[in-house]
Amino acid sequence: MAAAKSDLESKAKEAFVDDDFELAAELYTQAIDAGPATADLYADRAQAHIKLGNYTEAVADANKAIELDPTMHKAYLRKGAACIKLEEYQTAKAALELGSSYASGDSRFTRLLKECDERIAEEASQVSVKKVESAPVAPSVATTVEDKGNGANVENTQATLEPPSKPKYRHDFYNSPTEVVLTIFAKGVPADSVVVDFGEQMLSVSIEVPGEEPYHFQPRLFSKIVPEKCKYHVLSTKVEIRLAKAEQVHWTSLDYNGKPKTLPQKINTPAATAPRPSYPSSKSKKDWDKLEAEVKKEEKEEKLDGDAALNKFFRDIYKDADEDMRRAMMKSFVESNGTVLSTNWKDVGSKRVEGSPPDGMELKKWEY
């Protein structure tokens with residue numbers, strides 16, 4: 001098995017050198033499936049995806065490589081390069097800054113960080129120009145009809161491009177003034193099998209249950225979000241993801257379908273004393289206040305115990321931690337084979353964290 005994997009990896013590298021990036025990506029995939037998957041395999045496949053223009057897949061592979069080896073500088077480089085192509089400049093900058101700390105003197109990080117700063121400055125200047133523009137005029141009847149026609153065309157186009165295979169899990173979403181709530185109807189999924197990553201305008205959801213076909217959902221979002229304010233919950237019947245909007249605009253779809261001809265209509269946040277409106281629907285009228293109350297009640301009544309409660313505790317710590325604490329947690333957990341979890345980067349950053357098994361147990365190295 002190990003020999004076959006090594007042979008596949010060598011052939012993938014040869015294909016990449018020969019500029020056959022599609023073959024290289026396929027061979028790296030076969031090597032990963034042959035197992036055991038390594039950070040190098042994911043990082044190298046990410047580079048092949050970048051060459052093919054599959055930037056969302058490249059980010060997902062780079063994230064997996066970082067998860068397996070938090071100190072691999074080339075994984076951060078791949079993530080930064082792909083995020084720049086996706087116009088995720090803040091996410092790219094964060095990845096490049098962290099990666100450069102593991103590869104001092106590498107000019108590639110310096111060049112890409114400079115590009116990020118330039119793009120971020122351009123975006124900031126564009127936002128300033130938008131703020132001084134006059135208020136948008138209410139759309140005319142003709143414009144409304146035209147927009148509906150365009151929407152129909154988009155739906156027809158998507159229908160022709162939709163793959164024949166049905167997604168493993170159904171999903172749905174709804175808007176509120178400040179966030180979009182996405183629900184993936186995955187029943188009975190363990191919390192530790194769900195990985196969700198947030199970018200400026202990107203979402204990556206992976207559900208990998210042992211013995212089942214993995215589920216990956218990686219849309220480029222309709223509009224930008226605030227990653228640090230986004231969160232998700234794994235419940236008994238679903239995975240609920242709350243995307244914090246960077247701008248209070250109404251999302252007409254979850255996916256980004258190209259630059260709109262006009263800016264999306266702004267949503268006015270209702271005053272504290274004013275009653276919250278019910279959002280219109282083409283099918284039946286829904287009481288969103290009641291729906292939100294039911295969701296919150298379900299979350300409150302759900303009782304976690306055992307590993308689920310412990311995993312939630314660790315996720316809450318990680319969610320509220322700063323960058324150094326997150327780096328410390330990831331490094332200590334990976335290097336100690338899951339037996340040590342430290343939040344002190346000064347303590348674990350400069351040394352390897354050794355495993356520390358519970359009393360009465362012995363730590364053994366896994367043999368593949």
**OP:** Applying side-chain hydrogen bond (donor to acceptor under 3.5 Å, both in side chains) between E179 and each of K229, K231, R242, report the one that passes.
**Re:**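 When K229, K231, R242 are each tested with E179, the side-chain hydrogen bond (donor to acceptor under 3.5 Å, both in side chains) holds only for R242.
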Original post:
What pairs of residues pass the ring-ring contact (aromatic ring centres under 6.0 Å, His included) test when at least one of them lies in residues 56-80, not counting sequence neighbours?
Top reply: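 Sorted pair list: Y76-Y102.
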Please report the shortest heavy-atom distance between [X] and [Y], naming the atom on each side.
| X | Y | result |
| --- | --- | --- |
| S350 | K346 | OG-O, 4.4 Å |
| F109 | L96 | CD2-O, 3.4 Å |
| C116 | A92 | SG-CB, 3.7 Å |
| G349 | K331 | O-CE, 4.0 Å |
| E335 | K351 | OE1-O, 3.9 Å |
| A191 | V234 | CA-CG1, 3.9 Å |

Original post:
What residue pairs, at least two apart or across chains, pass salt bridge (Lys or Arg N to Asp or Glu O under 4.0 Å) with a residue in residues 207-219?
Top reply: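 Passing the test, one end in residues 207-219: K168-E212.
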Subject >> salt bridge (Lys or Arg N to Asp or Glu O under 4.0 Å) contacts touching residues 36-52 (sequence neighbours left out) >> reply: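 Qualifying pairs: K13-D44, D40-K74, D44-K74, R45-D61.
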Original post:
Taking only residues two or more places apart in sequence, or in another chain, which ones meet P219 in a side-chain contact (heavy atoms from CB on, under 4.5 Å)?
Top reply: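 Scan of P219 (side-chain contact (heavy atoms from CB on, under 4.5 Å), adjacent residues dropped) gives L203, F217, L221, D255.
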Can you tell me how far the [atom1] atom of [X] sits from the [atom2] atom of [Y], to the nearest 0.5 Å?
| X | Y | atom1 | atom2 | answer |
| --- | --- | --- | --- | --- |
| E9 | Q30 | CD | CD | 13.0 Å |
| S100 | L113 | OG | CG | 6.0 Å |
| T29 | Y42 | OG1 | OH | 9.0 Å |
| T178 | E247 | OG1 | CD | 14.0 Å |
| L41 | L68 | CG | CG | 9.5 Å |
| R326 | T343 | CZ | OG1 | 13.0 Å |

Is [X] linked to [Y] within one hydrophobic cluster, defined over Ile, Leu, Val, Met, Phe, Trp and Tyr using a side-chain heavy-atom separation of less than 4.5 Å?
| X | Y | value |
| --- | --- | --- |
| L182 | V196 | yes |
| V194 | Y169 | yes |
| L341 | V334 | yes |
| V205 | V195 | no |
| L254 | I184 | yes |

Do the side chain of [X] and the main chain of [Y] share a donor and acceptor less than 3.5 angstrom apart?
| X | Y | result |
| --- | --- | --- |
| E200 | V226 | no |
| S193 | V189 | no |
| E240 | T183 | no |
| D322 | D324 | yes |
| N175 | W251 | yes |

Original post:
Hey, are the side chains of P214 and H216 touching, using non-hydrogen atoms and a 4.5 Å cut-off?
Top reply: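 The answer is yes, as the side chains (C-beta and beyond) meet within the 4.5 Å cut-off.
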Original post:
Can you find a pair of side-chain heavy atoms, one from Y89 and one from E123, that are under 4.5 Å apart?
Top reply: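 They are in contact (side-chain heavy atoms under 4.5 Å apart), so the answer is yes.
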Partners passing ring-ring contact (aromatic ring centres under 6.0 Å, His included) against [X] (at least two apart in sequence or in another chain):
| X | result |
| --- | --- |
| F185 | none |
| F16 | F21 |
| F173 | none |

Original post:
Which hydrophobic side chains are connected to V59, either touching it within the sub-4.5 Å cutoff or through other members that do?
Top reply: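 Joined to V59, directly or through intermediates: I50, Y55, L86, M202.
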Results of side-chain hydrogen bond (donor to acceptor under 3.5 Å, both in side chains) for [X] - residues two or more places apart only:
| X | answer |
| --- | --- |
| K93 | D117 |
| E67 | none |
| R119 | none |

**OP:** For the pair R220 and Q201, evaluate side-chain contact (heavy atoms from CB on, under 4.5 Å) and give the outcome as yes or no after the intermediate values.
**Re:** CA-CA 6 Å; R220 186 177 182 193; Q201 198 173 345; 4.1 Å; yes
Subject >> Atom OH of Y174 with >12 non-hydrogen neighbours under 6.0 angstrom >> reply: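 Result for OH/Y174: enclosed.
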Original post:
How about E118: does its CD atom have over 12 heavy atoms from other parts shown lying under 6.0 Å from it?
Top reply: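 It does: E118 CD has more than 12 such atoms within range.
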Subject >> Evaluation steps, side-chain contact (heavy atoms from CB on, under 4.5 Å), between S101 and R327 >> reply: CA-CA 12 Å; S101 67; R327 291 165 63 192; 4.1 Å; yes
**OP:** Go through the structure and list residues passing salt bridge (charged side-chain N to carboxylate O under 4.0 Å, His left out) with K11, not counting sequence neighbours.
**Re:**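 By the salt bridge (charged side-chain N to carboxylate O under 4.0 Å, His left out) rule, K11 matches D7.
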Original post:
Any side-chain donor-acceptor pair under 3.5 Å between D69 and T71?
Top reply: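 Distance-only check passes for D69 and T71.
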Original post:
Are the aromatic rings of F222 and Y256 close, with centres under 6.0 Å apart?
Top reply: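 No; Y256 has its ring centre 6.0 Å or more from that of F222.
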Subject >> Residue pair L98, E323: steps toward the side-chain contact (heavy atoms from CB on, under 4.5 Å) verdict >> reply: CA-CA 9 Å; L98 186 54; E323 190 63 36; 3.9 Å; yes
Original post:
What class does the angle between the rings of Y232 and F198 fall in, given that below 30° is parallel, 30 to 60° is tilted and above 60° is perpendicular?
Top reply: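 The arrangement is tilted - the two ring planes meet at 30° to 60°.
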**OP:** Quick one: do K79 and I66 satisfy side-chain contact (heavy atoms from CB on, under 4.5 Å)? Show the steps, please.
**Re:** CA-CA 9 Å; K79 181 176 180 178; I66 292 169; 4.2 Å; yes
